[in-house]
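Have a look at the structure below before the remarks.
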2 protein chains.
Amino acid sequence: MADKTASKQFPEVQGGGSLILAWQIKGKKVLVVGGGEVAAGRILNCLNADANVTVVCPTSGFNPEVAHRVERGEVTHVDRLFEPSDLDGADMVLVAIDDPAASTTIWKLCKERRIPANIADVPPECDFYFGSVHRDGPLQIMVSTNGKGPRLAAIIRRFIAKQLPKNAGNAIEAIGTLRGKLRKVAPNPEESPKRMGWMIKVSNAFNWEEMCDLTDEDMENLLKFYQPNKVPTIDELLAMRAEPPYDYDVFDGSYGFCVGV
Amino acid sequence: MADKTASKQFPEVQGGGSLILAWQIKGKKVLVVGGGEVAAGRILNCLNADANVTVVCPTSGFNPEVAHRVERGEVTHVDRLFEPSDLDGADMVLVAIDDPAASTTIWKLCKERRIPANIADVPPECDFYFGSVHRDGPLQIMVSTNGKGPRLAAIIRRFIAKQLPKNAGNAIEAIGTLRGKLRKVAPNPEESPKRMGWMIKVSNAFNWEEMCDLTDEDMENLLKFYQPNKVPTIDELLAMRAEPPYDYDVFDGSYGFCVGV
């Protein structure tokens with residue numbers, strides 16, 4: 001009986017999933033072996049996470065997007081087939097070549113050296129899989145079907161992107177900005193509980209969909225409520241906005257500053 | 001000019017993100033140091049991905065959920081403070097203790113041994129962060145705000161879960177089942193292009209929201225269209241269902257088989 005009660009109290013384990021992680025690869029060396037379409041996708045994923053990417057592939061095997069990244073100097077290029085010394089200093093290895101034997105050799109070398117690796121299309125030779133990722137500034141949403149429907153993953157990712165309010169990323173940016181400003185205004189570590197409490201009040205007071213359109217000015221205004229430990233309504237906050245210093249030009253659809261307004 | 005054209009052709013790099021990964025931890029050893037609330041969340045994440053979890057923590061420091069997992073034998077328990085030998089054989093280390101000095105020591109040991117690690121609340125001592133994950137069978141959706149708004153991540157995750165059609169996980173399960181059955185019906189490797197082509201036709205023909213309610217029987221019926229390389233409409237498919245062998249019992253709300261119907 002005690003067990004039954006406990007089961008209700010705590011979530012049941014639901015196996016069969018992956019451990020979804022936001023890997024921190026900024027400034028780390030990622031080795032991409034191969035230069036085809038799959039490699040192009042992997043490279044973009046890594047660059048979007050600020051990795052230092054090295055691509056090992058003869059130029060003759062380049063997909064146009066990979067050639068474009070190399071031309072622009074976005075990645076380091078090694079113009080030949082893979083050699084074991086390429087693994088020196090690598091923090092992660094992504095293999096996307098049409099050579100199962102060579103792929104397996106690279107996988108084994110990575111495991112000897114304890115380097116996390118992904119051999120495209122060979123699930124048993126993968127420490128991790130990729131999914132379909134929606135990105136909006138600091139917001140990242142990843143859809144994984146655990147290998148059961150990669151096409152569906154992309155469809156669901158697009159479905160989610162459509163449902164999200166516009167500027168969803170901005171709501172997160174705004175909260176991040178507010179937290180940063182707050183630490184400057186109230187830097188005293190002893191105020192930490194008050195700071196945290198107030199931030200929670202703010203998150204609770206506003207609908208996050210309303211926060212998508214908040215500006216830096218709004219965050220400055222919101223900060224004025226920290227000292228008395230209050231939170232305005234969204235309407236009160238928006239009413240505090242100064243007259244806009246710009247006007248919309250109906251002739252060419254661009255914004256122009258209206259000096260003196 | 002060539003550069004400008006290329007920029008339009010290929011996605012621009014948008015840095016500042018993480019590399020979101022579906023880590024494969026099934027049967028691997030995850031060491032969790034600590035037994036508080038944060039540890040409880042980490043443990044559940046790992047169990048849901050079929051990891052072998054070892055928790056190092058004096059029983060006196062247990063949160064009720066961690067105690068519950070230990071009691072049920074869902075995790076291995078080491079009833080003392082961390083010792084370096086705990087890292088032997090560990091594939092991943094998650095630290096959630098209120099001792100910054102001890103945490104840093106563990107982090108350094110992990111880096112010497114090249115074990116991926118996460119020290120809770122210490123971003124510079126993290127190979128990866130966790131996000132807020134929605135789970136529905138094989139479907140996993142992870143929301144990351146890249147550390148800018150953990151509370152918002154949970155709010156956005158709940159928002160997404162509400163927008164998803166009911167049984168979204170079932171659509172993926174159905175496609176996975178169909179692919180498995182198809183490989184049995186048409187095992188010839190030479191038929192692989194036809195198989196792949198037909199699976200794509202199926203994905204394109206049905207709205208994925210319609211697929212959420214498909215059953216195993218529907219998949220069997222759908223498979224009959226593979227040989228002539230056709231795909232029925234959803235209505236044609238549903239019309240093929242046999243009369244249900246069960247009936248709903250209005251008296252006690254349970255399903256009962258109606259023998260002979």
Side-chain angles (χ1 to χ4, degrees), chain A residues 3 6 9-11 13-25 44-51 64-65 68 71-72 74 114 116 126-131 133 135 137-146 148-149 151-152 155-156 159-160 163 168 171-173 175-176 200 203 208, chain B residues 3 6 9-11 13-25 44-51 64-65 68 71-72 74 114 116 126-131 133 135 137-146 148-149 151-152 155-156 159-160 163 168 171-173 175-176 200 203 208:
Chain A
D3 205 2
Q9 202 177 343
F10 303 113
V13 172
Q14 189 189 0
S18 307
L19 191 64
I20 314 252
L21 304 173
W23 203 264
Q24 300 308 300
I25 203 80
L44 183 61
N45 272 335
C46 293
L47 291 176
N48 282 343
D50 300 321
E65 185 174 340
H68 165 75
E71 253 169 50
R72 287 169 58 121
E74 293 176 351
R114 301 189 64 91
C126 283
D127 289 312
F128 52 87
Y129 303 155
F130 289 90
V133 177
R135 174 83 189 267
L139 176 65
Q140 287 183 289
I141 298 169
M142 193 258 223
V143 178
S144 169
T145 59
N146 283 288
K148 293 208 173 175
R151 282 175 61 87
L152 255 181
I155 290 169
I156 295 173
F159 172 90
I160 291 172
Q163 309 289 326
I172 296 156
E173 205 71 77
I175 279 286
I200 291 174
S203 320
W208 77 281
Chain B
D3 206 2
Q9 202 177 344
F10 304 113
V13 172
Q14 190 189 358
S18 306
L19 191 64
I20 315 254
L21 303 174
W23 202 264
Q24 300 309 300
I25 203 80
L44 183 60
N45 271 335
C46 293
L47 291 177
N48 282 341
D50 299 321
E65 185 174 340
H68 164 74
E71 253 170 49
R72 287 170 57 120
E74 293 176 348
R114 300 188 65 89
C126 284
D127 289 311
F128 52 86
Y129 304 154
F130 289 90
V133 177
R135 175 84 187 268
L139 177 65
Q140 287 183 290
I141 298 169
M142 191 258 222
V143 178
S144 168
T145 59
N146 282 289
K148 294 207 170 175
R151 283 176 61 86
L152 255 180
I155 291 169
I156 295 174
F159 172 89
I160 291 171
Q163 307 291 324
I172 295 156
E173 207 70 79
I175 278 285
I200 291 174
S203 322
W208 77 280

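Residue numbers start from 1 in every chain, and the chains themselves are labelled A, B, ... in the order their sequence lines are given, proteins ahead of strands. All heavy atoms count here, side chains included; hydrogens, waters and symmetry mates do not.
Atoms CG and CE, from A:Leu21 and B:Met142 in turn, are 6.5 Å apart once rounded to the nearest 0.5 Å. Taken to the nearest 0.5 Å, the CZ atom of A:Arg135 stands 4.0 Å off from the CD atom of B:Gln14. The distance from the CD atom of B:Gln163 to the CD atom of A:Gln163 is 4.5 Å, given to the nearest 0.5 Å.
Looking at B:Ile141, both its backbone and its side chain come within 4.5 Å of chain A, counting heavy atoms on both sides. Using a 4.5 Å cut-off between heavy atoms, A:Arg151 touches chain B through its side chain atoms alone. In this structure, chain A has a heavy atom under 4.5 Å from the side chain of B:Leu44, while its backbone stays farther away. Residue contact with chain B, scored on non-hydrogen atoms closer than 4.5 Å, involves the backbone and the side chain of A:Ile20 alike. With a 4.5 angstrom heavy-atom cutoff, A:Ile25 touches chain B only via side-chain atoms. Using a 4.5 Å cut-off between heavy atoms, B:Cys126 contacts chain A through its backbone alone, with no side-chain atom that close.
For the pair B:Ile156/A:Ile172, a side-chain contact is recorded, criterion being any heavy-atom separation below 4.5 Å from C-beta on.
In this structure, B:Trp208 and A:Phe159 have perpendicular ring planes: the angle between them is above 60°, well past the 30° mark.
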message: Quick one, B:Cys46 with A:Leu19, criterion side chain to side chain contact (heavy atoms under 4.5 Å, CB included). Give me CA distance, side-chain angles, the key distance, then yes/no.
response: CA-CA 6 Å; B:Cys46 293; A:Leu19 191 64; 4.3 Å; yes

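The side-chain contact (heavy atoms from CB on, under 4.5 Å) search around A:Gln24 returns A:Ala22, B:Ser18, B:Tyr129, not counting sequence neighbours.
Panel note: side chain A:Asn146, backbone B:Pro138; a donor-acceptor pair is recorded below 3.5 Å.
Counting heavy-atom pairs closer than 4.5 Å to chain B, the top-ranked of the candidates A:Val133, A:Asn45, A:Thr145, A:Val143 is A:Thr145.
Scanning all heavy atoms of the two residues, the minimum distance from B:Glu65 to A:Pro11 falls at OE2-CD, 4.0 Å.
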